[in-house]
Amino acid sequence: MRRPLKVVLTTLGVLAAVPLVALATTSIVNVVATHAEVAAIPPYGQVVEVDGRSMNVVDAGSGEETIVLLPGLGTAAPAVDFQPLIRELESRYRVIAVEPFGTGMSDQTDVPRTAENIVREVHEALQELGVERYTLMGHSIAGIYALSYVAAYGDEVEAFVGIDSSIPDQPGADEPIPTALIATLSHLGLTRVLGAVSPDAYAGLPYDDAAKDTMRALSARNTAAPTMLDEMDRAPENFATASRLAFPVDLPVLLFVAADNGEVPGWAELHDEQAASVDEGRVVSLPGGHYLHHTQAQALADGTTDFLREIAAR
């Protein structure tokens, strides 16, 4: 082989190998760093046994009434994510933030992430805690799971409070989530790299540095893990199941809607329709985006308290 051609081919081979070496490095660094970061998280909450696995819950406050918090899809550390709202509620209620399997400090599971299985597991956790009567308060897709929950355990649920909660048959509900891309970016360590060069997602929000570090570490571990990816893959199926369900007409329903959530056409109107389907339904619009519990925790707590007091007084 002529020397110039050999040099060119060698150079091209080196150039082609550089990205592969870089990706191998970021992948290894991501695995090692994630393991170290999660191991450094101080334990929070308490563990209950569900289906032979460990589910983490935070049980705060000591009020006579109980509020159970359920997270939205993709929330990697629910009990930490709900911290601002828990702080506002715990002086008035017993507040239980459940970290379903695949989130927070809870175990992973190979049980399919259908709405039926998720609500059964949450209910079993509450049974382990001896909780018999409560208000469900859920963010985003928890509004879909709540329909299955009430259908199965409606005699225990006193009310439902939605935090910009999802609605059956909302536009886009049947669109698949690109889980293969999410998994690839995470496993190659590129999600970590992008996070390192991006602005602080929690800047200006009411979280201390320890909470931010916990959420980042658990995002690195949980977001592309099999349990959460399965739940994402089954989201269209879970929405389809919910389209056959509705809240009982005698269940009080309070729906907080983000005024600045313009991603779903007719978002406010969909919530108006759901609230109108029950005898005691109310919609409250609040300034802010989809994660209202990050920015409007006090308004959520005050509005919930007023609503539950009004219902109790009737």
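Any value given below was found using the heavy atoms of this structure, including those in side chains, with hydrogens, waters and symmetry copies removed. For reference, positions follow the sequence shown, starting with 1.
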**Message:** Using modelled atom types and a 3.5 Å cut-off, is there a donor and acceptor pairing between side-chain atoms of T227 and backbone atoms of Q108?
**Reply:** no
**Request:** Mind checking side-chain contact (heavy atoms from CB on, under 4.5 Å) for P248 and listing every partner two or more places apart, or none if nothing turns up?
**Result:** V150, D250, L251
**Request:** Compare all side-chain heavy atoms of R216 with those of D200 and state whether any distance is below 4.5 angstrom.
**Result:** yes
**Asked** Is there a path from Y291 to Y202 through hydrophobic residues (I, L, V, M, F, W, Y) whose side chains come within less than 4.5 Å of each other?
**Response** no
**Complete:** CG of N238 to CG of L147, rounded to nearest 0.5 Å, is 11.5 Å
**Side chain D208, main chain A210, donor-acceptor under 3.5 Å** = yes
**Gap between atom CG of D51 and atom CZ of F101 - 0.5 Å precision** = 6.0 Å
**Request:** Enter the distance from L255:CG to H271:NE2 here, rounded to the nearest 0.5 Å.
**Result:** 5.5 Å
**Prompt:** Has the side chain of Q170 got a donor or acceptor atom that lies under 3.5 Å from a matching backbone atom of W267?
**Reply:** no
**Complete:** For V47 and S54, the nearest pair of non-hydrogen atoms, with its separation, is CG1-CB, 3.4 Å
**Request:** Enter the distance from I96:CD1 to I86:CD1 here, rounded to the nearest 0.5 Å.
**Result:** 10.5 Å
**Message:** Taking A301's backbone N and O only, do any of them form a donor-acceptor pair with T304's side chain (distance below 3.5 Å, no angle check)?
**Reply:** no
**Prompt:** Heavy-atom distance under 4.5 Å between the side chains of M55 and V98, does that happen here?
**Reply:** yes
**Asked** Which heavy-atom pair separates F160 from G138 by the least distance, and what is that distance?
**Response** CE1-N, 4.0 Å
**Message:** Checking S166 against Y145 for the side chain to side chain donor-acceptor pair (under 3.5 Å) test, could you report, in this order, the C-alpha distance in whole Å, the side-chain angles of both residues, the deciding distance, and whether it holds?
**Reply:** CA-CA 9 Å; S166 301; Y145 299 155; over 6 Å; no
**Prompt:** Out of curiosity, T214 OG1 to I41 CD1, how far, rounded to the nearest 0.5 Å?
**Reply:** 5.0 Å
**Prompt:** Does a side-chain N-to-carboxylate-O contact under 4.0 Å join E121 and R113?
**Reply:** yes
Please output the side-chain donor-acceptor pairs of residues 256-263 that fall under 3.5 Å, not counting sequence neighbours, one pair per line with the distance.
{"from": "D260", "atom 1": "OD2", "to": "G288", "atom 2": "N", "distance (Å)": "2.9"}
{"from": "N261", "atom 1": "OD1", "to": "E263", "atom 2": "N", "distance (Å)": "3.3"}
{"from": "N261", "atom 1": "ND2", "to": "D164", "atom 2": "OD2", "distance (Å)": "2.7"}

**From CA spacing to verdict: side-chain contact (heavy atoms from CB on, under 4.5 Å), T305, Y93** = CA-CA 9 Å; T305 298; Y93 304 95; 3.1 Å; yes
**Asked** Looking at residues at least two apart in the chain, or sitting in another chain, which of them share a side-chain contact (heavy atoms from CB on, under 4.5 Å) with S91?
**Response** none
**Message:** Show, in sequence, the C-alpha distance, side-chain angles and deciding distance for L89 and M137, and conclude whether the side-chain contact (heavy atoms from CB on, under 4.5 Å) test is met.
**Reply:** CA-CA 11 Å; L89 289 171; M137 189 173 191; 4.1 Å; yes
**Same apolar cluster: L129 and V50, side chain cutoff 4.5 Å** = yes
**Request:** List the steps and the verdict of side-chain contact (heavy atoms from CB on, under 4.5 Å) for V122 and Y149.
**Result:** CA-CA 9 Å; V122 170; Y149 196 103; 4.0 Å; yes
**Pairs touching residues 129-138 that satisfy salt bridge (Lys or Arg N to Asp or Glu O under 4.0 Å), sequence neighbours left out** = R133-E158
Solution key, residues 64-85 side-chain donor-acceptor pairs under 3.5 Å, sequence neighbours excluded:
{"from": "T75", "atom 1": "OG1", "to": "G72", "atom 2": "O", "distance (Å)": "3.1"}
{"from": "D81", "atom 1": "OD1", "to": "H294", "atom 2": "NE2", "distance (Å)": "2.6"}
{"from": "D81", "atom 1": "OD2", "to": "H293", "atom 2": "NE2", "distance (Å)": "2.6"}

**Prompt:** Same hydrophobic cluster for V253 and V249, using side-chain heavy-atom links shorter than 4.5 Å among ILVMFWY?
**Reply:** no
**Message:** Within the 4.5 Å heavy-atom criterion, are P168 and L245 side-chain neighbours or not?
**Reply:** no
**Request:** Decide if atom CD of E128 counts as having more than 12 heavy atoms of other residues, nucleotides or ligands within a radius under 6.0 Å.
**Result:** yes
**Message:** By the side-chain hydrogen bond (donor to acceptor under 3.5 Å, both in side chains) test, which pairs, at least two apart or in different chains, include something from residues 40-49?
**Reply:** Y44-E99
**Fill in**
All heavy atoms of R221 vs all of M105, minimum pair found to be NH2-CA, 3.8 Å
**Asked** Is the shortest heavy-atom distance from the side chain of Q296 to the side chain of P287 under 4.5 Å?
**Response** yes
**Asked** Does the side chain of D174 reach to within under 4.5 Å of the side chain of F239, using non-hydrogen atoms?
**Response** no
**Message:** According to a hydrophobic-cluster definition based on side-chain heavy atoms being under 4.5 Å apart (Ile, Leu, Val, Met, Phe, Trp, Tyr only), do Y134 and V57 belong together?
**Reply:** yes
**Request:** Using the rule that two of Ile, Leu, Val, Met, Phe, Trp, Tyr join whenever any of their side-chain heavy atoms come within less than 4.5 Å, decide whether V284 and V278 are in one cluster.
**Result:** no
**Item:** Spatial distance of atom CG (L308) from atom CG (L254) [nearest 0.5 Å]
**Value:** 7.5 Å
**Request:** Find out whether R87 and P206 are in side-chain contact, i.e. whether some heavy atom of one side chain is under 4.5 Å from a heavy atom of the other.
**Result:** yes
**Item:** Cationic N near anionic O, under 4.0 Å, R92 to D302
**Value:** yes
**Item:** For the student: nearest non-hydrogen atoms of I177 and I182, plus distance
**Value:** CG2-CD1, 4.0 Å
**Fill in**
Note: G45 and V58 closest approach over all heavy atoms is CA-CG2, 3.8 Å
**Complete:** In short, A235 meets I141 closest at the heavy-atom pair CB-CD1, 4.4 Å
**Asked** Are D213 and E37 close enough, and set up right, to give a side-chain contact (heavy atoms from CB on, under 4.5 Å), and what steps lead you there?
**Response** CA-CA 8 Å; D213 289 343; E37 290 165 354; over 6 Å; no
